[in-house]
Amino acid sequence: MTQPTIDQAYLAKRQLRKGTAGWMLLAGLGVSYVISGDFAGWNFGIAEAGWGGFAIAACLMALMYLALVLSLAEMSAAIPAAGGGYSFARQAMGPAGGYLTGLAVLIEYALAPAAIVIFIGAAVESLLGINGPLVYLIFYALFIGIHLAGVGEALKVMMVISGLAVFAILATAVALIGDFDAANLFDIAPTDAAGASTFMPFGWYGVWAALPFGMWLFLAVEGVPLAAEEAKDPARDMPRGIIGAMLFLLFTALLVVVLLAGAAGAEMIGQSGVPLVDALNAAGNPTLATVVNVLGLAGLIASFFSIIYGYSRLVFALSRAGYLPKALSLTSGRKVPYLALIVPGVFGFLVSLSGEGDLMLGMAVVGATISYALMALSHILLRVKQPDLPRPYKTPGGVVTSGIALVLSLVALTGVYAFDPRAFNYTIVLFIVGAAYFFLYSKNHLVAKTAEEEFALVVASPEDLDDIDSDPVVTTAKL
């Protein structure tokens, strides 16, 4: 074997287990990221816009996510690195663009589990009568522990949990088909808002304010590329996995948005904390409602569990590249980034003690929309600047498709401000603080000098690195 370079020696302690996930597991990961959004949260968009107004908002967000997913499918096959959107932006926009994209995703993925565990606590309280910090701690410790056992084991557990949640949605849909009445979709009286009608009782402003709730039906599916380094065949599996997940999520979103309000009434569903359960009770299915109430917890757990996986791979990639402290990218004998799992988990647990789940979800959506705009821009720039980059999968429509994702993500960002200015402002402050860390410190401590050099290190053969024990000082990038 040739003498390893300093960077190869550094990378020897920072290797994920390649070849673990096929496209079915990747698709399951994408569904798992999102599935809790079908159980609750999205329906409050009906209270903001009425059913018709929310349907418009949800269709716009579905178009945004579909265009983004098709763009990510191309980039994840061409650049199969664990950083996902960060890796694509690093290639297209350099270190600063890469870091800012990664930072936006990190805000989303660090805050979303903290919000979800609060909702898990509420669900556990309704079932067992206990809630609070102890419940949050148990769930964080349990599921981080499963991830520490290895990625293959974790993804298989995730598939089982997600399967239970999907069963609950499908069973609810079957039970409600016979009770569907289109008149129930429009039982909210029109207001005097601009553009208000029976179809859009709160007018166009309501559609604008409902955009973040439309996102909840798909939020975090963009995290599938974070598993790129652990895919069996990234060039084939990544596009199939993320597109397959998106198509399935479009199907489940259609079921819950149409059938729940059509069976129980838009006004009631728009106010419900547990819309699937309340719709079943309203339709005279109390036994199934009880079952779905229990399985709703599985949906929350699936998203909580999978987003923990997502943040660990993002922190791992940012740390390995030198954007975050390099110790966070050390991996165990099972090729698991243990500190990248534990440290953000401790942060998330501490944040969850605030009990403000809605605020944290709003902040996560702001981080998400910023990252979507930057990822869509990355696709456009890569097409322009690197037309000869090998692309095993090409986005249908090319830059027109990613342009649609870019425009709609910026519109969605303004929608968060329309609904919750506090979440918008807090996230912008957090983003500025994170950006200052890069420009004042970490930009001078990067491992690779160019995106090409960094990617070459990522795809280095693990066999070339297994025997290296040293962890020397790494090279520093010059900007």
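No experiment lies behind these values; they were computed from the predicted model shown. Throughout, numbering of the chain's residues begins at 1 and tracks the sequence.
- Side chains of Val166 and Val31 form a contact here, defined as non-hydrogen atoms less than 4.5 Å apart.
- Contact of the Ile177 side chain with the Leu259 side chain is registered, since non-hydrogen atoms from C-beta on lie closer than 4.5 Å.
- Interatomic distance, Leu330 CG to Ser319 OG, rounded to the nearest 0.5 Å: 7.0 Å.
- The local environment of OH in Tyr338 is crowded, with over 12 non-hydrogen atoms from other residues, nucleotides or ligands closer than 6.0 Å.
- Side-chain contact check for Leu410 versus Tyr372: every heavy-atom pair is 4.5 Å or farther apart.
- In summary, of the residues considered (Leu377, Thr101, Leu72), a side chain to side chain contact (heavy atoms under 4.5 Å, CB included) with Phe88 occurs for Leu72 alone.
- For the pair Gly345 and Ile144, the tightest heavy-atom approach, listed with the atom from each and the gap, is CA-CD1, 3.9 Å.
- Side-chain contact check for Glu222 versus Leu68: some heavy-atom pair is nearer than 4.5 Å.
- Between Tyr99 and Tyr323, the distance separating the two ring centers is shorter than 6.0 angstrom.
- What you find for Ala173 and Leu255 is that their closest heavy atoms are CB-CD1, 4.0 Å.
- Atom NZ of Lys394 sits in a sparse spot, with 12 or fewer heavy atoms from other residues, nucleotides or ligands closer than 6.0 Å.
- Using a 4.5 Å heavy-atom threshold, the side chains of Val207 and Phe54 count as separate.
- Formation of a donor-acceptor pair under 3.5 Å by the Asp420 side chain with backbone atoms of Val416 is not found in this model.
- A donor-acceptor distance shorter than 3.5 angstrom exists from the side chain of Ser306 to the backbone of Tyr33, with no hydrogens or angles considered.
- Applying the 6.0 Å contact sphere to OH of Tyr426 captures no more than 12 heavy atoms from other residues, nucleotides or ligands.
- Closest of all the heavy-atom pairs between Leu381 and Ala92 is CB-CB, 4.1 Å.
- Surrounding OH of Tyr437 are more than 12 heavy atoms belonging to other residues, nucleotides or ligands, all under 6.0 Å away.
- With values rounded to the nearest 0.5 angstrom, Ile79 atom CD1 is found 4.0 Å from Gln91 atom CD.
- Across Phe305, Tyr309, Phe349, Tyr136, a single residue satisfies ring pair (Phe, Tyr, Trp, His ring centres under 6.0 Å) together with Phe143, and that is Phe305.
- Rounding to the nearest 0.5 Å gives a distance of 8.5 Å between CE of Met93 and CG of Leu382.
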Please report the C-alpha distance between Leu249 and Leu217 in whole Å, then the side-chain angles of each, then the deciding distance to 0.1 Å, and finally whether the side chain to side chain contact (heavy atoms under 4.5 Å, CB included) criterion is met. CA-CA 8 Å; Leu249 291 167; Leu217 293 163; over 6 Å; no
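- In this structure, OH on Tyr65 lies 8.5 Å from CE on Met246, to the nearest 0.5 angstrom.
- Considering only heavy atoms from C-beta on, Leu406 stays 4.5 Å or farther from Leu374 through its side chain.
- Counting only heavy atoms from C-beta outward, the side chains of Arg383 and Thr395 approach each other to under 4.5 Å.
- Note on ring orientation: taking the six-membered ring where Trp is involved, the planes of His445 and Tyr441 are parallel (angle under 30°, cut-offs 30° and 60°).
- For an aromatic pair to be called close, the ring centres must be under 6.0 Å apart, and Phe213 with Trp216 satisfies this.
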Using side chain to side chain contact (heavy atoms under 4.5 Å, CB included), reason through Thr414 and Phe424 one step at a time and then give a plain yes or no. CA-CA 9 Å; Thr414 66; Phe424 182 90; over 6 Å; no
From CA spacing to verdict: side chain to side chain contact (heavy atoms under 4.5 Å, CB included), Arg320, Lys326: CA-CA 6 Å; Arg320 180 177 58 185; Lys326 298 182 180 71; over 6 Å; no
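- Annotation for Gly30 and Val221: closest pair O-CG2, 4.2 Å, computed over non-hydrogen atoms.
- Taking 4.5 Å as the limit, every side-chain heavy atom of Trp42 sits out of range of all side-chain heavy atoms of Met215.
- We find the CG-CD1 distance between Leu300 and Ile118 to be 12.0 Å, quoted to the nearest 0.5 Å.
- In summary, the aromatic rings of Tyr311 and Tyr109 are positioned with their centroids too far apart to meet the 6.0 Å limit.
- In summary, the side chains of Ser312 and His147 do not present any donor paired with an acceptor at a separation below 3.5 Å, with no hydrogens or angles considered.
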The test is side chain to side chain contact (heavy atoms under 4.5 Å, CB included); show your working for Leu66 and Ile404 and say whether it passes. CA-CA 10 Å; Leu66 181 59; Ile404 291 171; over 6 Å; no
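- Nearest heavy atoms, Ala210 versus Ala49: CB-CB, 3.8 Å.
- A salt bridge is defined here as a Lys NZ or Arg NE, NH1 or NH2 lying under 4.0 Å from an Asp or Glu carboxylate O, and Glu74 with Arg391 meets this definition.
- The ring of Tyr140 has its center closer than 6.0 angstrom to the ring center of Phe304.
- Ala168 and Leu295 get closest at one heavy-atom pair: CB-CB, 3.7 Å.
- Remark: Ser303 engages Ile35, Ser36, Ile116 in a side-chain contact (heavy atoms from CB on, under 4.5 Å) (not counting sequence neighbours).
- The CD atom of Glu108 sits 10.0 Å away from the CG atom of Leu361 when rounded to the nearest 0.5 Å.
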